[in-house]
**Student:** 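After the structure tokens below, expect a handful of questions from me.
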Amino acid sequence: MDIGGRRVSRGMLPLLALHTVSEYYRLQRKPPVTAGLLAANTLIYLRPAFLESILPHINEVWFNAHLILKYKDLKRFFLSPFYHMGESHLVYNMLSLLWKGIQLETSMGSIEFATMVATLLTMSQGITLLLSKSLLLFDYQKAYYSEFAVGFSGVLFAMKVVLNAQSDDYTFVHGILVPSRHAAWAELILIQMFVPGVSFLGHLGGILAGIFYLHLKRSYSGPNPLRSIIRSLSGVVSWPLRFFRGLIRPRRYSGRGAVGRGERSNVTGVWRCPACTFDNSVLLSVCEMCGTGIDGSDFASNMQNNLSLDELRRRRLERFSSSR
């Protein structure tokens, strides 16, 4: 229900929050991207007072192919997945996101998962736009001019395709047992048959986006520029936290550190170089011993500068001897 222009829960959102907390409580590693997506979708739906002035109204973000192409409206293109028609629409999608997101983010890592979600969102929206435009060739104008849609379900259909791509198991889709890898197609047909007013093209666009994403991932082995951008942004955001954590919990260690066999260091406030296994302070982003970056990205350049493995071993023994 709406009170003063803001949404008030009818009881489903507290149940969603309770279920989310219980799921995260049992996890040893809490997937942050999934939690952020859940929070973003929920806050946009509730429209709290501190966000009211910056959040566009739902009428400004409906996905409509005609309006997007005519006015080059990127706001409709990118924001419509984060808006929902009602509480049941939001809760159903968020429960699905919680289940799929935890599995995918835990298995592939947060940066890879965030990259995938951004890619799937863009691809599913683009494919839906293309499908709507293509239907004009068959003199079917409703999808292009008259259909308006919001919701995260297109991305969820794409995530379902990715999640079940390698599965040989069977699963129940609305009471019907189907192979897991075909579950998205079965759900597409059943929802269209029994749930009125859903966006068939939006869901179909999500499935096709998942299929294309898997194909691109298998055929392309080069660096992912979006992943590099997200990793850089996460590094910038997390650097102050790492810095102050090092100040708050100081450890007695010298700038020369120590060396080991390559396992992860158990000493708080240090990180172990992946190239030479030297323990460095968290205040440093480059290994003091060999110049390798904290993520190992500079090791190749060091090799190009004639820093051979023998030289690394010599420096390591020299440093170890001096630290004794």
Side-chain angles (χ1 to χ4, degrees), residues 1-10 12-13 16 36-49 51-97 117-160 184 187-188 191-192 194-210:
M1 88 181 58
D2 292 347
I3 296 180
R6 291 185 292 276
R7 302 277 178 81
V8 177
S9 173
R10 294 177 298 178
M12 297 181 69
L13 283 178
L16 171 65
L37 289 171
L38 290 167
N41 279 273
T42 304
L43 286 173
I44 289 174
Y45 173 78
L46 292 174
R47 299 182 69 86
L51 292 177
E52 183 68 33
S53 60
I54 61 176
L55 285 177
H57 192 271
I58 192 171
N59 291 332
E60 302 175 57
V61 298
W62 287 105
F63 184 93
N64 177 264
H66 171 64
L67 295 178
I68 291 175
L69 293 177
K70 181 178 180 180
Y71 299 105
K72 297 179 175 59
D73 195 343
L74 295 180
K75 181 170 58 178
R76 294 181 184 272
F77 186 90
F78 287 108
L79 295 185
S80 56
F82 298 97
Y83 282 71
H84 291 82
M85 284 292 297
E87 189 172 358
S88 59
H89 186 204
L90 172 71
V91 171
Y92 181 83
N93 278 352
M94 293 304 99
L95 288 174
S96 179
L97 172 62
V117 171
T119 303
L120 292 178
L121 187 150
T122 304
M123 291 177 66
S124 63
Q125 294 289 85
I127 292 172
T128 303
L129 189 68
L130 182 61
L131 291 173
S132 300
K133 182 69 173 178
S134 299
L135 288 176
L136 291 177
L137 300 175
F138 303 95
D139 201 28
Y140 183 79
Q141 300 182 3
K142 180 181 178 181
Y144 183 72
Y145 289 105
S146 305
E147 288 191 357
F148 295 81
V150 290
F152 210 71
S153 53
V155 182
L156 293 173
F157 268 90
M159 290 171 63
K160 181 187 283 286
E187 187 172 1
L188 172 70
I191 287 181
Q192 194 64 32
F194 298 109
V195 182
V198 298
S199 173
F200 176 78
L201 290 184
H203 295 170
L204 177 60
I207 293 177
L208 295 178

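All values reported here derive from a predicted model rather than from experimental measurement.
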**Student:** Which heavy atom in L38 sits nearest to a heavy atom in T42, and how many Å separate them?
**Tutor:**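 That closest heavy-atom pairing would be O-OG1, 2.8 Å.
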**Student:** Which pairs, with at least one residue in residues 198-208 and sequence neighbours excluded, count as a side chain to side chain donor-acceptor pair (under 3.5 Å)?
**Tutor:**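 Checked against side chain to side chain donor-acceptor pair (under 3.5 Å) - neighbours excluded - the pairs reaching residues 198-208 are S153-H203.
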**Student:** Does any pair with a residue in residues 148-158 pass salt bridge (charged side-chain N to carboxylate O under 4.0 Å, His left out), and if so which ones, sequence neighbours excluded?
**Tutor:**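 Listed once each, the pairs would be none.
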**Student:** Among all residues two or more places apart in sequence or in another chain, which pass the side-chain contact (heavy atoms from CB on, under 4.5 Å) test with L129?
**Tutor:**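 Testing L129 for side-chain contact (heavy atoms from CB on, under 4.5 Å), a comparison that skips the adjacent residues, returns F63, A65, I68, L69, F77.
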**Student:** Can you give me the closest heavy-atom contact between L135 and A143, atom names plus distance?
**Tutor:**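 Reported closest heavy-atom pair: CD1-CB, 3.8 Å.
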**Student:** I44: which residues meet the side-chain contact (heavy atoms from CB on, under 4.5 Å) condition with it, sequence neighbours left out?
**Tutor:**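 side-chain contact (heavy atoms from CB on, under 4.5 Å) check on I44 returns L55, F82, Y83.
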**Student:** Out of curiosity, H84 NE2 to I58 CD1, how far, rounded to the nearest 0.5 Å?
**Tutor:**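 Nearest 0.5 Å value for the NE2-CD1 distance: 9.5 Å.
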**Student:** How close do A209 and A158 get, heavy atom to heavy atom, and via which atoms?
**Tutor:**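 So the two residues come closest at CB-CB, 4.4 Å.
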**Student:** Would you name the heavy atoms of S132 and L201 that are closest together and state the gap between them?
**Tutor:**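 The answer is OG-CD1, 3.6 Å.
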**Student:** When rounded to the nearest 0.5 angstrom, what distance separates NE2 in H57 from CD in E52?
**Tutor:**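 Taking NE2 in H57 and CD in E52, the distance rounds to 8.5 Å.
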**Student:** Which value, rounded to the nearest 0.5 Å, describes the distance between S124 atom OG and L204 atom CG?
**Tutor:**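 Nearest 0.5 Å value for the OG-CG distance: 11.0 Å.
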**Student:** Tell me, do T122 and F78 make a side-chain contact under 4.5 Å, heavy atoms counted?
**Tutor:**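 Heavy-atom side-chain distance check passes, below 4.5 Å.
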**Student:** Against F157, only a single residue in L120, L208, I207 fulfils side chain to side chain contact (heavy atoms under 4.5 Å, CB included); can you say which?
**Tutor:**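 Answer after filtering L120, L208, I207: I207.
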**Student:** Might you work through the side-chain contact (heavy atoms from CB on, under 4.5 Å) test for L90 and L13, ending with a clear yes or no?
**Tutor:** CA-CA 9 Å; L90 172 71; L13 283 178; 3.6 Å; yes
**Student:** Given side-chain contact (heavy atoms from CB on, under 4.5 Å), test N93 with N41 step by step and report yes or no.
**Tutor:** CA-CA 10 Å; N93 278 352; N41 279 273; over 6 Å; no
**Student:** Give me the atom names and distance for the closest heavy-atom approach of V150 to V61.
**Tutor:**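 Closest pair (atom of V150, atom of V61, distance): CG1-O, 4.4 Å.
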**Student:** Could you state the interatomic distance from OH (Y45) to NE2 (H89), rounded to the nearest 0.5 Å?
**Tutor:**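 Answer for the OH-NE2 pair, Y45 versus H89, is 11.0 Å.
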**Student:** Not counting sequence neighbours, which residues clear side-chain contact (heavy atoms from CB on, under 4.5 Å) with S96? List them please.
**Tutor:**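 For S96, the residues satisfying side-chain contact (heavy atoms from CB on, under 4.5 Å) (neighbours in sequence not counted) are K100, L156.
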**Student:** If you compare all heavy atoms of G205 against all heavy atoms of T128, which two are closest, and at what distance to 0.1 Å?
**Tutor:**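 Minimum heavy-atom separation between G205 and T128: CA-OG1, 3.7 Å.
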**Student:** Using the salt bridge (charged side-chain N to carboxylate O under 4.0 Å, His left out) rule, collect all pairs that involve residues 65-78, keeping only residues at least two apart or in two chains.
**Tutor:**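 Qualifying pairs, neighbours excluded: E60-K75, D73-R76.
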**Student:** Taking the side chain as C-beta and beyond, is there a heavy-atom pair between L16 and M12 under 4.5 Å?
**Tutor:**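 With C-beta onward as the side chain, the pair stays apart.
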**Student:** According to side-chain hydrogen bond (donor to acceptor under 3.5 Å, both in side chains), who are the partners of S80, at least two apart in sequence or on a separate chain?
**Tutor:**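 Listed in chain order: Q125.
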**Student:** Restricting to side-chain contact (heavy atoms from CB on, under 4.5 Å), what partner residues turn up for N64, sequence neighbours left out?
**Tutor:**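 N64 satisfies side-chain contact (heavy atoms from CB on, under 4.5 Å) with H66, L67, F148 only.
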**Student:** Under the side chain to side chain donor-acceptor pair (under 3.5 Å) definition, can you give me all pairs with a residue in residues 133-147, not counting sequence neighbours?
**Tutor:**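 Not a single pair qualifies under side chain to side chain donor-acceptor pair (under 3.5 Å).
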